[in-house]
Amino acid sequence: MIISAAIICIIGGAFRIIGIDSLITGFYVDEASIAYNAKSIWETGSDEYGQKWPIAFRSFGEYKSPLLIYSAVPLVSWLGEVSGLRLTSAIFGTLTIALVGYYAWLVTERISHHGKNRWLATLITMAIMAWSPWHINLSRHGIEAVLAVFLSTASLVFIAHKKYAAALLTLFLSTTAYNSLKYTAPIMVLFVIFLAYKDGAIRISKQWIAVLLAWLVGIAILCQPFSNTRAMTVMKVTANGNPVREVLSTYISYLSPRSLVIGDWQLRNSIAELDNLFIWMVLGFYIGLVVIIRNLIKQRWSRDELTLLLWLALAILPASMTIDPFHAIRALPMMVPLSVISGIGYSFMLPKSGTLKRLILAGGIILLAGEAILIMDRILSQNSVVSFNAWIGGYSELIKKTMALDASQYRQIVVDNTDEPAVYSLWQVYGKVDTRNKITVMDYYTPREWSGPDSLVLGNGMSVTFRPVYWPMDRAATNSVFVGPQTRFDLDDVEEAGGIIIDRVSNPERKDVWLIVKSSSIPKESVK
Amino acid sequence: MKRLVDIRIYAGLAMVLLLLCIGQTTIRLVRLESTIGKVHWWRDNQMYSGTQVKAINRMTANKYLAAADEIKRRVVESADPNIYFFGGHPSERPGVWEFEFIPWMMIPLWVIGLMVLISRNRRMLNLVGIGFILALAHAIRYEVITNQAIIPMAAVAYSVVGMGMYQIFMAVHDKLKK
């Protein structure tokens, strides 16, 4: 059985690691910001703004949680920004599979009353986590929520082991990993304190003093305006009339089969042409919920059931307060209780032994093999084509081609940032901007209206300016290079105005998506 | 015991009916141009991305997989509580006239009804389960999950709300009697 668990972890790891360094589908601006700051911390001890060892990283008008950035430093310094950051995330994602399996092993016997199916429940839980397209997709990218899920699973393991001080410390760490945990972890802390008090585990010791100090510091940080900038911008409770109806409808939607199976509408937050969760995972989740609720009502419940239900209820809350239809990243913490509950559901349904059980298991293995092939196909073929634009695909090639130009021949090089104002972070990474060149900012921890830097000096000494390109006006600028999406240029007018398309980047369907356009050397009139 | 056996036979029959509906819908779907078009689109993407292993490509882009995707969409859509209580909010479906079948204020009654079904009334749970399967079999035959498609499912949801209402009524009644 340990071999089966190891095989599941290895396959889960393969789903998360194969092809992560490929830039066919791009490297998103948030990932670029995290990776560049990790590099900057390694090389200079400060972030892109020159802030020494920040407790929250200022980024695009909000503040990123610091833990993933600090955790990514070793691999980013070793493998570079893209591979380093994505591998860090993939490692945490893979470790979560093992940890969630261990947690299921700890709690299923006490919950399901099916001792003989304990291993099966563990393996099914691990398989759900490993095969879940939702968790696979996010683990393949530098996303903070993956680390937060790992830490929250660790805290559940500590709770199951009744190591309450360690659980509280891990919960504290999780608040520094992802924004939504800032709001749910403190509620979980109250529950852990209640359990510890009930067990008489709270005593004056070095461990508990460390916990107290950590949380005092944590609360002081969590109360700061910069900690809540993100929440303030996404909270839309009262946006559409009755706030109770709004929150309740969104909350229920996170438990509905449609949302769980179909998932997020944003292409980046799902694997193209693949479900968010396979339907059998969701079915097991409902069966597991019935088992647990029945135990609760019949008062045969254990503290593990209560912990699982509480974590599930809390994990959905921050996502549902934002009234988006389904947000895969914000709701990712619910993957842990969902997979364990689903494992419990199947272990309850399957017979304890006999031919039928063997047949069902054989069918299950065939299903997983088929889904493994489907996952890899969807990641490597469908996703790289369908989600190309959503991931700002081809931008690395665009920067490489721009940097190959002889800058001395042109008056200016202008990069369009109309659709993506934070695109400068990609230039920091691919343009190999020296981390000693810091962006100027007044009062680092005070949230204020954001605007990116006006220009950057790239690693080869080329200076690029960031602003929206508006060709009818920009056609008048002589001997300038404009870099941006094809949609920003009127190709007929480029020719008419004496401009030249110096280079282009196409998507996998061979359609031009990015252009490098040089304006005429002779002055032209702008079009009013 | 006899009653339980009867229920199992009915549940089995309902499952057979659901499987027949899935089979019939699959046969219908694989012949549709939209299904074939989707398969071609998948194949094109495989070609564009340069990941071409013929055996695997066929396995991951075929009309049966496209049909299964469509049936799955219909199943999860017809079982979505948000469609019954909130007119699909917050994921309103384009091209469908969304309608709140049950007032959202009745959600507590629905939850109580579910709790009662799960914990106490096995026979009723089986009956509601059979109703759910039959309603699903009805819904998946519709190309678009319109209000007409989910009327039987709404009836199942109403019966659960009714269970909750009955439970509260009985609780109040017992309290007053004491």
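For the numbers below, each heavy atom of this structure counts, side chains included, while hydrogens, waters and symmetry mates do not.
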Less than 4.5 Å to any heavy atom of chain B: does that hold for the side chain of [X], its backbone, both, or neither?
X         : value
Val386(A) : side chain
Leu248(A) : both
Leu374(A) : both
Asn507(A) : neither
Ile297(A) : side chain
Val290(A) : both

Measuring heavy-atom distances to chain A, does [X] have an atom under 4.5 Å in its side chain, in its backbone, in both, or in neither?
X         : result
Leu65(B)  : side chain
Ile145(B) : neither
Arg74(B)  : neither
Ile107(B) : side chain

Quiz item: Between Phe348(A) and Tyr346(A), is the gap from one ring center to the other below 6.0 Å?
Solution: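 When the ring centroids of Phe348(A) and Tyr346(A) are compared, they turn out to be at least 6.0 Å apart.
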Self-check item: Trp41(B)/Tyr48(B) aromatic ring centres below 6.0 Å
Solution: no
Quiz item: Of all heavy-atom pairs between Tyr286(A) and Ser256(A), which one has the smallest distance, and what is that distance?
Solution: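 Closest pair (atom of Tyr286(A), atom of Ser256(A), distance): OH-C, 3.3 Å.
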With a 4.0 Å cut-off, would you call [X] and [Y] a salt bridge?
X         : Y         : result
Arg73(B)  : Glu70(B)  : yes
Asp174(B) : Lys177(B) : no
Glu397(A) : Arg504(A) : no

Exercise. Please tell me if the side chains of Arg86(A) and His141(A) come closer than 4.5 Å, counting only heavy atoms from C-beta onward.
Key: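 The answer is yes; the side chains approach within 4.5 Å.
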Exercise. Quick one: which of Glu92(B), Met115(B), Met59(B) has the most heavy-atom pairs under 4.5 Å with chain A, could you say?
Key: Met115(B)
